[in-house]
Amino acid sequence: MDIFDRLKAAATPQWNSYVDHEFVRQMGEGTLSEAAFRTYLVQDYLFLIQFARAWALAAYKSRRPADIRAAQAGLAAILDETELHLRLCARWGLTQADIEAAPEHQATVAYTRYVLDCGAAGDLLELHVALAPCVIGYAEIGRALSERIGDLSNHPYREWIAEYAGEGYQGVATAARKHLDELAARSMTEQRFAELVEIFGQASSLEADFWQMGLASQ
Ligand SMILES: Cc1ncc(CO)c(N)n1
C-alpha cells in the first residue's frame, strides 16, 4: 500500500462522499443538468486559479530540485486544465473576462483557502496531502466514468470525462502519487499519520461540498 492508499483507507467515508457523489453519478449517466454543470465549471475555473497558487507555494516550500520539479509539473497541469474550462464556457458565450468576474462561491473559497492554509501553516508533506484528493481523485473519477461508459462519442459530458480519463491527466496523477509516496517515505513519522488523515479527509469533504454547490445551483 502506498501512502495514498493508506490515507484513502483511513478516510473512507469522506473519500467516498467525494468520488461517489450524486453529481458524478448524474454526470456519468448524462442526466446532470447543464445549469449545474455550468455553475460547477465556472467555479472550477476560479478554483484552478487558486490551486495554481497552491502548487506554486509547493515549489516555494521545496528545498530539493526534485520537489520543485514536481510542483512545477502540478502547476503546469492545472494551467493546462483551464483550457478545457475556457473552451466549454466559450460555447455558452462566456469569455475569460466573464468567468474571472464571477464571484467565488463559498465552497470555492472554503476548499482553496483551506489548502493554501495547509501550505502556509504546515510543511511540504502537509501541503501535498491537501493537494492529493484533487489531482489523484479526478483521475480516478475520470477513469471510472470512462470505463463504465465505454463509447463516449454521444455523451453530453464527453469532453470533461475524456480530459480526466486521458493519458495526459492520468500521467500527471500517477506522477503526483509517486512523488507523494517518496515525500512521505522521506519525512513522515507514524505519529504524524493521524494528522495527515485529518487533512486528507477534510480536503475530500471539501471536494464533495464542491460538487454539491453545482447540484444546489440548478
Ligand atoms: C474541485 C476540483 N478538484 C479537482 C480538480 C482536478 O484538478 C478540479 N479541476 N476541480
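When a ligand or atom number is given, it counts from 1 through the structure's own listing order. Everything quoted here is computed from the prediction, not taken from an experiment.
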Student: Is any NZ, NE, NH1 or NH2 atom of the basic residue among Asp2 and Arg177 found under 4.0 Å from an Asp or Glu carboxylate oxygen of the other?
Tutor: yes
Student: With hydrogens left out, which residues have an atom under 4.0 Å from ligand 1, given that only heavy atoms count?
Tutor: Asp44, Phe47, Leu48, Glu81, Cys134, Tyr138, Tyr164, Tyr169, Glu207, Phe210
Student: Determine, stepwise, if the pair Glu163 / Tyr138 fulfils side-chain hydrogen bond (donor to acceptor under 3.5 Å, both in side chains).
Tutor: CA-CA 10 Å; Glu163 171 84 13; Tyr138 268 45; over 6 Å; no
Student: Quick one: list whatever passes side-chain contact (heavy atoms from CB on, under 4.5 Å) with Ala139, sequence neighbours left out.
Tutor: Tyr169, Gln170, Ala173
Student: For the residue pair Phe200 and Phe4, is the inter-centroid distance of their aromatic rings smaller than 6.0 Å?
Tutor: yes
Student: Could you check whether Gln218 and Ser33, counting side-chain N and O atoms only, form a donor-acceptor pair closer than 3.5 Å?
Tutor: yes
Student: Indicate yes or no: does Arg186 engage Asp67 in a salt bridge with an N to O separation below 4.0 Å.
Tutor: yes
